[in-house]
Structure formats: structure tokens, C-alpha cells
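In what follows, every chain begins at residue 1, and chains take the letters A, B, ... in the order their sequences are listed. Side chains included, hydrogens not; waters and symmetry mates left out as well; all remaining heavy atoms used.
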Amino acid sequence: MNFITEAVAKAVKSLYQIDLNPADVNLQETRKEFEGQVTLVTFPFTKASRKSPEQTGQEIGAFLQNQVDEIAAFNVIKGFLNISLSDTYWLGKFYNEVLADDFGFIKPNGQKVMVEYSSPNTNKPLHLGHVRNNLLGYSVAKILEAAGFEVVKTNLVNDRGIHICKSMLAWQKFGNGETPESSGMKGDHLVGKYYVLFDKEYKKQIEELVASGQSEEEAKKNAPLMKGAQEMLQKWEAGDAEVIGLWKTMNSWVYAGFAETYKRLGVEFDKYYYESNTYLLGKDIVEEGLEKGVFFQKEDGSVWVDLTADGLDQKLVRRSDGTSVYMTQDLGTAQLKYDDFHMNESIYVVGNEQDYHFKVLFLILEKLGKSWAKGLYHLSYGMVDLPSGKMKSREGTVVDADDLIDEMEQTAKEQTEALGKTEGLSEVDKAELYHTIGMGALKYFLLKVDPKKRLLFDPNESVDFQGHTGPFIQYTHARIRSVLSRVASSDNTGSTVSKLFPEERDLILLLNQFPDIIEQAAKGHNPAAIANYAYEVAKAFNKFYHERSILQAEDEQTKQFRLQLSAASVNVIKKGMGLLGIEVPERM
RNA sequence: GGUCCCAUAGCUCAGCUGGAUAGAGCAACAGAUUUCUAAUCUGUCGGUCUCAGGUUCGAAUCCUGAUGGGAUCACCA
């Protein structure tokens, strides 16, 4: 569209003698109830033209039509100049750009970006909240890749700490040597079971202590289970062989379970970081901060940073006993990641309850003079809530990721069977199809909304398969594939159509936007932009499909053109859905 | 209490750097298939864009304030 903005600048200069930066020309899509594809708002020029918006529009329109070949017609309504570009122009766009194999994806820009996501605790299985995180992280990584970045996907596993000791202790006390093999349970679920059990038994002990006269607070501290867990953590830090052995065993169970869930979710990582390796990092940075005067020490030896001048609080960065806190660790890990990859940008996909933490983290790094600090970004997303309120692993009020995937597959199966679309499919094909559709529905449901908004999920209300959904888009894909499969390869080299029907033009216009949408989604770290776009494309195709026959087109040229238009549509849909981590079936 | 985020149709959500009569899906109702997959398409119904000011030729969009909801402000992670 650059040629239009330039032409407008020229028109305005020639007509009204004002110099206009082409970047200031504001073009927008023409609303569909009017004739044309591109609209110029003429109000900003009326001061210079000293004429009414309508007259100004007429004058600019006439000038443009005269000067620019591609402009076929124009009309002015109120202050809006609607420009119609010729079908030749749109067909040129279609053949030269949209139909190219690498259409949509932007050339490498030489920038490297890290996306850290998932970051689970190893004391319990993944739940719906993690699912949103994983899908967001994976999709953002894909989108950035498409936008030309080199992407490193990382997972910082929280594999140590008191919460893991709780699971370990409960297993030791009540587990009777139970293993994933002996119980038939998935490893992460088995460990999670003991985490819940710990909490249950712990509460019992508190009650007993309270009954025997202790205050609630005392009881929480004195309960034998809590003491045991703390003792275990100390032993772990001291390198106690038995504790470390148990820790390794139970973690390996969890990892096996996670690997399975990640595979079903379709996410992956290039690099894992483990907190057991990074939790001691950051002490150098504390020293550095003290030297630079960014941090200060209190009488008891604890080290702090004062951010009150920035509207924040004082924040502890090292305990009085010399040990690290969360912030210390994250400072160190940030440095480690940068040293490993020297990336230009680093994105942390973490829930919005940690907004404050990241604000502080980034600010500290900036104050320390880290040149790379400005490339840090917290992709903060809203919580997933249930109608009953917040999910709590300890209390078992969570929507488990594996259960959810099972349910989605089951629903996909029921829907597909009800529609009688399973004919001729092997059992393996069917299972794969149900997985594809079920996950398509779930992923689309979670990704189509703006990440920063909180999400309400009602387990009693099934995720839709009709309308603005993943399966709708998947279905469109399958239908196009079905049409295309009916013809042999279509490599027409001869002439093509010269006129477009509205449905065809609309579709070309929409397809043409794909690269812009990718760029916009990358800039805003927002998969929802892709999701909504893919829906628009599917809808536009369905309309075209309904109005115009492809295989029974009026003539051979039209048929070839429509086949190519279908191929371009299927391509964009497949790529777009791929950016969301959603697969598309050949039939459904 | 301080700080941050959110508020658009009965429900779930779009609405890009301010532009025309605020758009989809679901739900409800009415239609479309001798023709490429009806998980589709077409239509009807549905709105004080939370409220009040301000900036502007023009505000759902920007600014200020209020209300409602959420998060956060630990020598937990």
C-alpha cells in the first residue's frame, strides 16, 4: 500500500501545497458496506484545502485516479475517500506474493530471542493453568520464528524446595514403597498424590496440636510433618545421600509424566534449566550490587535494594544468614541465560501474580547497568479461574491437564461419530483425528483470548466445536483439502481470470494481510491476533465456497484460479494454525 | 492503605497507532442441501461500550477521577 500513501502525499502537496510525511497518511480498510478496499480520511486535510471534507475527498480522489494506474475508481461519503483498486492489482498481489511458497513468513532479522515458559514444580502434575502457560509460550515462540527471529525455547524447572520435600516426606511415611510401576499411576500424578496427602495429614496434626492448647501459629510451626519437611530440605542442601537419592527417584517419575503430557500438548523445549543448579547463583551479583552501591546492607547483615524512588518498595536480595532468596536466584539465572545465549530479547511467560516480582527484577538489572536488561519482557497472562474460584493443587481443586486432554478427545470422538464421519478410518487414524480435533478445540479456546485477560473455565460446560472455534477452522481446512484432492496437480501456466467476484476479492484481501498479522502478533506477543485472523480466513473461504463452485466453475481458467485460491487459503490456514500449535486434519 | 491489571450484546470474546451506523460466536427464532463435506451458509432478535468529567472537527480507543472485580506489597517460590 506504500504507493497509495506516496500518491496521497503527492496529491496533497500538488493540490494544497502542504508537505506531508508519507508516514502520516492514515489509510484504513474500507468498511464492507461501502464500495472500495482502502479508505482515506480527509478531515486532516480540510484545514489546508479550506474546503469541505466532501470536496477535499473529491479532489484528492480525482488526482489519484489520474495519477495511479492501480486505482480503478473512487467514491466519497462524508469525509471518507473510498478507493477501489483494480482487479488486476489484486490478482498481481495474489500471484506474485500470496501464492509464493514462503508466503507469510518474514525473512530472518538476525535477532535472537529466548522464550521461557512452562516452568513447572516437580511436586505435582500439570493443571489447566499450566496448560495456558505452555500453549502461550509455545505459540509465541512459533510466532517469533515466523517473524524472523531465532528462538530459543527454555524451561526453568523448579525441582527443589520445601514443596518437593513435602511430597517426598509423605511418600516416605505413607507410601509403602509405591512406584509408578507398582501402582500403574503416571509418575507426576503419583507424586502429586503424596503432596495432597501431606497437606491432609499436616492439617490433622495442626488440629491435634490446637486441641492440646497450642495457638494456630505455633501448631503450624510445631507440627511434626512440617518439621520433618524442613529437616529434609536442610539435608538436601547438605547433600545427604539418602535424601538426594529419594529426590532423584521421585523427580525422575515426575519427568517421565511431564514428558508424556508435553507430548500430548505438542510443546517442546531447546534447553532446560534446573533450579537445583541455579539456586546458588546470584551471589556474585549481590556482591556486584554492593560494590556499585545499588544494594545496601542492614545491621543484621541482610542485603536490600531501595526502589522507593521508583515508586516501589525495598526488596530483600540476600538473607541475613547469607542465603539466597527467589530474587537472588532469578538475578543469577538471568545472567546465566544471557551468558549462554547472548540473546537480544528474553521473554518470561509467567502469570500476572508475579508482575511485581518481574518489575523489580528488571529494574535491578537495569540499575546494575546490564546492557541486556532492556530486552527483558514479562509476558504476563491472566489466571484461569473455575466458577468455584481459584484452583488450588494442595486442596485438589484443579482441572488436571491429562484428564482435560482425555475429556477433549472423548468429546471429539462423540461429535465425530454423531456426524457419521468415521467411515473408512482405521482405529489408529481415528485416535489421531480425535486427538487433533479435541486439542484443536482446547487450544483455540485458550489462545483466542487476549493473554492478559483472566479466563473463566467451566468444566461442566464443554468447549464448543461450532462457530468461532478450532474445529470450525480445522473443518474448513479438511474441506478444502478434499476439493483439492479431486484434481490432479494444477500447474496452469497460461492466462488467468481478469475479473473477480466479491467473495474472491475479499478472500485475496484477507490472505494478503497474513504477513502483517504475524508481525503484529509478534510485536504484541499475542497469539490471539493469529487465532482471530485464522477464523476470519476460514469464514471468508466458507462464504466463497458456498457462493462459487470450484470444480464446476464457469470455465477452465476460472476453475484453475479458484483451485489456486483454495490452495492459498489452505496454506494460510495451516500455517496460521501451526503458529498456535494446532494441527489441521486432512479430513474430518 | 500503596501499586499494577481488567470492565464492550443474556453468555464468551474481537475492535490495530483516535475516524463512517460498535462487530463475531454461543443461546433464541426463521430459512438454505437432486451440485465440491450442513462441524457449513443466510436472515431476525439482541448495546447508555461501568459511571462522571476533560482533550479533539471526531473518543469504546487518549487523559483525570469514581465504582466494581482480580492480583500484589514475606528473610516463601
task = Describe the nucleic acid contact of A/Val325 in one word from base, sugar-phosphate, nothing, applying a heavy-atom distance below 4.0 Å.
result =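 Sugar-phosphate, backbone atoms only, no base.
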request  = Using a heavy-atom cut-off of under 4.0 Å over every strand shown, decide if A/Met383 touches base, sugar-phosphate, or nothing.
outcome  = nothing
Given the [atom1] atoms of [N] and [M], what is the spacing between them in whole Å?
{"N": "B/rU17", "M": "B/rA7", "atom1": "P", "result": "14 Å"}
{"N": "B/rU42", "M": "B/rU48", "atom1": "C1'", "result": "31 Å"}
{"N": "B/rC26", "M": "B/rC16", "atom1": "P", "result": "23 Å"}
{"N": "B/rA71", "M": "B/rC75", "atom1": "C1'", "result": "23 Å"}
{"N": "B/rA60", "M": "B/rG53", "atom1": "P", "result": "14 Å"}
{"N": "B/rC49", "M": "B/rU8", "atom1": "P", "result": "12 Å"}

Donor-acceptor pair present, [X] side chain and [N] base, under 3.5 Å:
{"X": "A/Ser320", "N": "B/rC75", "answer": "yes"}
{"X": "A/Thr469", "N": "B/rA39", "answer": "no"}
{"X": "A/Thr416", "N": "B/rA39", "answer": "yes"}
{"X": "A/Asp330", "N": "B/rA77", "answer": "no"}

query = If you check every side-chain atom of A/Val449, which of B/rC13, B/rA20, B/rA71 has the closest atom?
reply =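 Within the option list, the nearest is B/rC13.
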inquiry  = Let's see if you can work this out: which of B/rG19, B/rA38, B/rC4 has an atom nearest to the side-chain heavy atoms of A/Gln28?
reply    =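 My answer, after comparing the listed nucleotides, is B/rG19.
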query = What is the distance from CZ of A/Phe34 to P of B/rG19, rounded to the nearest Å?
reply =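 In whole Å, B/rG19 P and A/Phe34 CZ are 15 Å from each other.
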key: A/Leu455 CG - B/rG69 C1' separation (whole Å)   = 16 Å
query = If you measure only the distance, is there a donor-acceptor pair under 3.5 Å linking the side chains of A/Gln58 and A/Glu54?
reply = no
query = For RNA chain B, whose closest nucleotide is more 5', that of A/Glu586 or that of A/Leu312?
reply =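 The residue closer to the strand's 5' end, by nearest nucleotide, is A/Leu312.
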Under 3.5 Å on both distances, the Watson-Crick or G-U partner of B/rA32 =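 Because both required distances fall under 3.5 Å, B/rA32 counts as paired with B/rU40.
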inquiry  = Please give me every residue in residues 534-554 of chain A whose heavy atoms get under 4.0 Å of an atom in RNA chain B, ordered by residue number.
reply    =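 RNA chain B contact set from residues 534-554 of chain A: A/Tyr535, A/Lys539, A/Asn542, A/Lys543, A/Tyr545, A/His546, A/Arg548, A/Ser549, A/Ile550, A/Leu551.
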task = Scan residues 513-528 of chain A against RNA chain B and write down, sorted by residue number, each residue with any heavy atom closer than 4.0 Å; if none is found, say none.
result =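 Correct list: empty, so none.
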